[in-house]
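Down below is the structure, laid out as structure tokens.
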Amino acid sequence: MYLALLNEKEKEAFLGVAFQLATVDGYYSDEEKEMINGYCQEMRCVFDEKTMVKPVDVLIKDIKFNSDNKIKKIFVFELIGLAMADGNYDDNERTLINKLEEEFDIGSGFARNCETVLKKYIEFQTKLNQLIFE
């Protein structure tokens with residue numbers, strides 16, 4: 001939703017973290033692959049695993065020190081959406097999201113608020129799809 005606001009370096013870092021989040025549970029689902037492809041379309045870029053996937057601590061540090069709070073919040077919000085995409089927001093994904101929230105110093109509870117809003121959004125989207133397609 002908000003990824004077009006990122007600069008080129010932030011887009012690369014986002015995709016690197018997104019890939020690691022999508023695979024942290026040991027399963028790279030079709031829904032997660034589709035989400036990352038959608039991110040690339042939204043940001044008008046191509047995901048290159050060889051150059052964009054770096055140690056997560058390096059990516060977090062770069063965003064922590066070079067991006068403003070709005071960008072940090074966009075990272076957390078969008079990544080929670082990715083974690084929820086396959087219907088299995090597991091402990092490993094939560095741990096990474098909590099690490100981002102803490103490292104970015106965006107306020108405890110921000111991730112939890114995002115999760116609540118995204119659950120409502122997903123429910124609303126499901127209802128709209130049922131209305132139109134059933």
Side-chain angles (χ1 to χ4, degrees):
M1 278 190 233
Y2 303 104
L3 296 174
L5 299 172
L6 278 58
N7 66 35
E8 292 306 311
K9 191 165 184 161
E10 292 164 342
K11 289 175 183 179
E12 290 180 13
F14 177 82
L15 289 170
V17 176
F19 178 80
Q20 292 191 33
L21 180 68
T23 58
V24 74
D25 61 359
Y27 179 64
Y28 191 27
S29 73
D30 289 339
E31 293 88 355
E32 290 166 327
K33 290 174 188 173
E34 190 174 309
M35 291 278 295
I36 288 180
N37 286 333
Y39 293 150
C40 290
Q41 289 177 353
E42 180 179 349
M43 294 187 290
R44 296 182 177 166
C45 65
V46 175
F47 176 62
D48 182 3
E49 188 176 337
K50 292 177 184 174
T51 62
M52 293 179 180
V53 177
K54 300 175 183 172
V56 74
D57 290 333
V58 170
L59 297 169
I60 290 171
K61 182 180 175 184
D62 189 43
I63 297 304
K64 178 179 180 176
F65 293 112
N66 296 309
S67 299
D68 63 23
N69 272 357
K70 176 179 65 177
I71 297 301
K72 294 171 188 175
K73 287 180 177 182
I74 290 170
F75 261 65
V76 172
F77 176 79
E78 296 282 359
L79 290 168
I80 291 171
L82 174 61
M84 296 174 73
D86 64 358
N88 181 30
Y89 188 13
D90 78 357
D91 289 339
N92 293 322
E93 292 168 325
R94 285 182 195 281
T95 298
L96 181 52
I97 293 294
N98 290 339
K99 180 177 183 168
L100 289 167
E101 181 182 53
E102 183 179 317
E103 288 289 327
F104 290 168
D105 194 28
I106 54 177
S108 67
F110 179 76
R112 189 173 23 255
N113 289 337
C114 289
E115 184 178 345
T116 300
V117 169
L118 284 164
K119 281 181 183 178
K120 290 178 183 177
Y121 175 79
I122 291 167
E123 289 170 8
F124 180 71
Q125 186 67 49
T126 300
K127 288 179 183 179
L128 280 174
N129 289 345
Q130 289 171 348
L131 180 66
I132 300 299
F133 298 116
E134 290 185 2

TODO: Run the numbers on E115 and R94 for side chain to side chain contact (heavy atoms under 4.5 Å, CB included), then give the verdict.
DONE: CA-CA 10 Å; E115 184 178 345; R94 285 182 195 281; 2.9 Å; yes
- [ ] List the steps, then state whether side chain to side chain contact (heavy atoms under 4.5 Å, CB included) holds for V17 with I63.
- [x] CA-CA 11 Å; V17 176; I63 297 304; over 6 Å; no
Task: Evaluation steps, side chain to side chain contact (heavy atoms under 4.5 Å, CB included), between I71 and F104 - done: CA-CA 10 Å; I71 297 301; F104 290 168; over 6 Å; no
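No path of Ile, Leu, Val, Met, Phe, Trp and Tyr side chains, each step under 4.5 Å between heavy atoms, connects Y89 with V117, placing them in separate hydrophobic clusters. In the hydrophobic clustering of ILVMFWY residues, with side-chain heavy atoms under 4.5 Å counting as a link, F14 and L5 come out together. I122 is connected to F77 through a chain of hydrophobic side-chain contacts under 4.5 Å among Ile, Leu, Val, Met, Phe, Trp and Tyr, so both are in one cluster.
Taking CG from L118 and CD from Q125, the interatomic distance works out to 12.0 Å, rounded to the nearest 0.5 Å. Remark: L59 CG to L100 CG distance equals 10.0 Å, nearest 0.5 Å. Rounded to the nearest 0.5 angstrom, Q41 CD and N37 CG are separated by 7.0 Å. Expressed to the nearest 0.5 Å, how far CD of E49 lies from CD of Q20 amounts to 9.5 Å.
Within a 6.0 Å sphere centred on CG of N129, other residues, nucleotides and ligands contribute more than 12 heavy atoms. Heavy atoms from other residues, nucleotides or ligands lying under 6.0 Å from CD of E103 number more than 12. Shown here is Y28, whose OH atom has more than 12 heavy atoms of other residues, nucleotides or ligands within 6.0 Å.
Smallest separation of non-hydrogen atoms from E10 and F75: O-CZ, 3.5 Å. A pairwise comparison of heavy atoms in L15 and C45 identifies CD1-SG, 3.6 Å as the closest pair. Smallest separation of non-hydrogen atoms from Y2 and E42: N-OE2, 3.3 Å. When all heavy atoms are compared, the tightest approach of L82 to A18 is CD2-O, 3.3 Å. The two residues K11 and L6 come nearest to each other via the heavy atoms CE-O, 3.1 Å. In this structure, A111 and I80 approach most closely via the heavy-atom pair O-CD1, 3.4 Å.
Judged by distance alone, the side chain of E93 and the main-chain N or O of D90 form a donor-acceptor pair under 3.5 Å. At least one donor-acceptor pair closer than 3.5 Å links the side chain of E101 to the backbone N or O of G109. Here the side chain of Y39 pairs a donor or acceptor atom with the backbone of E78 at under 3.5 angstrom.
Under the 4.0 Å criterion applied to side-chain N and carboxylate O atoms, D105 and K72 are not assigned as salt-bridge partners. Remark: E123 does not engage K127 in a salt bridge, criterion side-chain N to carboxylate O under 4.0 Å. Between E12 and K54 no salt bridge is recorded (no basic side-chain N to carboxylate O distance below 4.0 Å).
None of V58, I60, N66 except one satisfies the side chain to side chain contact (heavy atoms under 4.5 Å, CB included) rule with D62; the exception is N66.
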